[in-house]
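Keep in mind the model is a prediction, meaning the values are calculated, not measured. The first residue in the sequence is number 1, and the count goes up from there.
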Amino acid sequence: MPDLFRAVLDRIQGAYALCVIDQSTPDRLYVARQGSPLVIGLGLGENFVGSDQLALTHVTDRFMYLDEGDWGVITREQVRLWDVSGRVVERAVVQSHLGTEAVSKGSYRHFMAKEIHEQPRAVLDSLRLKLGSAHILSGILGPGSDEILDQVGAVQIVACGTSYHAGLVARYWIESLAGIPCQVEIASEYRYRDVVTLPNTLWIAISQSGETADVLAALRHLDQAHVLATLAVCNVATSSLIRETDLALLTDAGPEIGVASTKAFTTQLTVLLVLAGLLAKSRKVDSFDEKALVAELRQLPDLLTAALAIEPAVATIAELFADKQHTLFLGRGAMNPIAMEGALKLKELSYIHAEAYPAGELKHGPLALVDESMPVVAVAPNDALIEKLQSNLSEVRARGGQLIVFADHAVAQDGHSLTCVLPAVPARIAPIVFTVPLQLLSYHVAVLRGTDVDQPRNLAKSVTVE
């Protein structure tokens, strides 16, 4: 059977994770992976196979991860592995410290509700070992990373879905703090076009799971000639993405069970802001105030906790959406990707058609949709663009649109407006904090509409196929 299994693998094309049982030898499992994740759980007198260690945490805390092209034979007592060239190999055994409580809902109705409320702790954990008292620590991306950062001439970010929105925010931070050109691309598009890569590019892949098929495919087809180094921003230290990149910037969000990403997103934003600071520090940018950035980052857990405290007001606002079919989200500057994320969450969870636009684009088309039946959600921190945004919002009011504004300051209101006030937030970290009320809004709308909050229809947590 092993020879037959190997012969079949030689004829298979594409991505796969296989676990095969031969009825003549039911005490053996034949496994293989190429492009899709596969993990072996190790027990005493028993072994297990799954696509994610979370599925096996109730039976074991020891895991073995297969590399690309690996295949093997598993019995109750033994795991034998071969690599793609047919050589016998051994893979490291990883001890997991996750308890069963990490993958339970606890007192919450849904995993998503639990994960929204875990964000202050997740952000605090993600900052641990990255910040000193008033500076960003060296070497947090891996051995030799500081010398690599000194040579960075451009940044290319590749991601999908929510992680793509994190990359869009990071572009604002990287270009404003470090003065380095930054491009952000959807992974499924990046691979299939003729990309011009600038010299000395730091190529960044963002993925919560580290197994996103389009991101891995883009990584495996990049222009090596101009790439200085590859960097993974990821929540899973044992993932394919971490193993295949030169450097790593890990979040510490813990397990995220809900399909719609929440704490993975805010922790991605947090570490990407740290990265922007590192790049500014390495380039010795005169205007960069490292101490001020660290102080703002340290405020995040408390500000996120304060943002969570407005949940009752958000739950009331959610009632306006129960019978709606369309919604617009507006933001300006670094808040536009946050508006995009808010629209994505509402789509994922409640199946309401939602679109996000830069608020300055209203007159270029979207304003035609605005009437008394169209809710318009705006994220309005008190930043350099607030006067411009207020002008855009007055256009919505003039058309009778139902305006819902999330702000950290007083905003003009009328009979067509509702304002939900957050605590005052430093402009630079506002994208992270303002994410929370949009998550809460989508969650409560979905609960009211009776949709499956944790497992929205047609969606999967980790997209491991193209």
Side-chain angles (χ1 to χ4, degrees), residues 108-117 161-162 165 258-262 307-331 335-336 338-359 361-362 365-380 389 392-407 411-422 434-459:
Y108 291 92
R109 182 177 176 184
H110 300 99
F111 279 110
M112 184 182 179
K114 176 174 178 272
E115 289 155 9
I116 288 173
H117 283 267
T162 287
H165 298 156
V259 168
S261 181
T262 51
L308 287 166
I310 69 169
E311 184 170 8
V314 177
T316 299
I317 291 172
E319 296 174 7
L320 298 173
F321 292 79
D323 61 347
K324 303 299 184 184
Q325 299 303 318
H326 308 279
T327 304
L328 281 178
F329 284 74
L330 302 177
M335 301 308 296
N336 181 51
I338 301 306
M340 295 169 67
E341 175 63 12
L344 176 61
K345 285 290 161 285
L346 194 65
K347 278 183 280 197
E348 286 178 311
L349 295 172
S350 66
Y351 316 146
I352 293 173
H353 170 239
E355 291 188 75
Y357 281 90
E361 283 289 291
L362 271 174
L367 203 56
L369 297 172
V370 174
D371 60 20
E372 63 279 357
S373 65
M374 170 71 81
V376 179
V377 180
V379 280
L389 179 62
N392 302 138
L393 299 187
S394 67
E395 296 170 354
V396 175
R397 293 189 185 95
R399 275 76 178 178
Q402 177 64 67
L403 189 60
I404 296 96
V405 182
F406 292 99
V411 175
Q413 298 189 62
D414 59 20
H416 296 286
S417 301
L418 284 173
T419 301
C420 197
V421 180
L422 284 74
F434 273 74
T435 294
V436 171
L438 299 186
Q439 294 171 346
L440 291 170
L441 176 64
S442 298
Y443 172 75
H444 284 286
V445 173
V447 170
L448 287 170
R449 289 169 67 94
T451 59
D452 191 334
V453 173
D454 287 332
Q455 293 181 302
R457 66 188 183 198
N458 306 330
L459 300 178

Legend entry - Partner set under side-chain hydrogen bond (donor to acceptor under 3.5 Å, both in side chains) for S373, not counting sequence neighbours: D371
Inset, instruction - With sequence neighbours excluded, tell me which residues meet side-chain hydrogen bond (donor to acceptor under 3.5 Å, both in side chains) with N458. - result: none
Distance-minimising heavy-atom pair for [X] and [Y]:
X	Y	value
C420	I310	SG-CD1, 3.6 Å
E341	S261	OE2-O, 3.9 Å
T262	E115	OG1-CB, 3.5 Å
V453	L349	O-CD2, 3.2 Å
L344	G161	CD2-C, 4.3 Å
F434	F406	CE2-O, 3.2 Å

Legend entry - Pairwise side chain to side chain donor-acceptor pair (under 3.5 Å) hits with a residue in residues 442-453, at least two apart: H110-Y443, E311-H444
Inset, instruction - State whether the side chain of K345 and the backbone N or O of S350 hold a donor-acceptor pair below 3.5 Å, judged by distance alone. - result: no
Inset, instruction - Verify, without hydrogens or angle tests, whether E395 (side chain) and L367 (backbone) share a donor-acceptor contact under 3.5 angstrom. - result: no
To the nearest 0.5 angstrom, please state how far the [atom1] atom of [X] sits from the [atom2] atom of [Y].
X	Y	atom1	atom2	answer
M374	E372	CE	CD	11.0 Å
L438	L346	CG	CG	9.5 Å
N336	L389	CG	CG	11.0 Å
E361	N392	CD	CG	10.0 Å

Report, one line per pair, each donor and acceptor closer than 3.5 Å where one atom sits in a side chain of residues 315-330; sequence neighbours left out.
residue : atom : partner : partner atom : Å
T316    : OG1  : P312    : O            : 3.2
H326    : ND1  : H353    : ND1          : 3.1

Legend entry - Contacts of type salt bridge (Lys or Arg N to Asp or Glu O under 4.0 Å), residue E355, not counting sequence neighbours: none
Legend entry - Contacts of type ring-ring contact (aromatic ring centres under 6.0 Å, His included), residue Y108, not counting sequence neighbours: H117
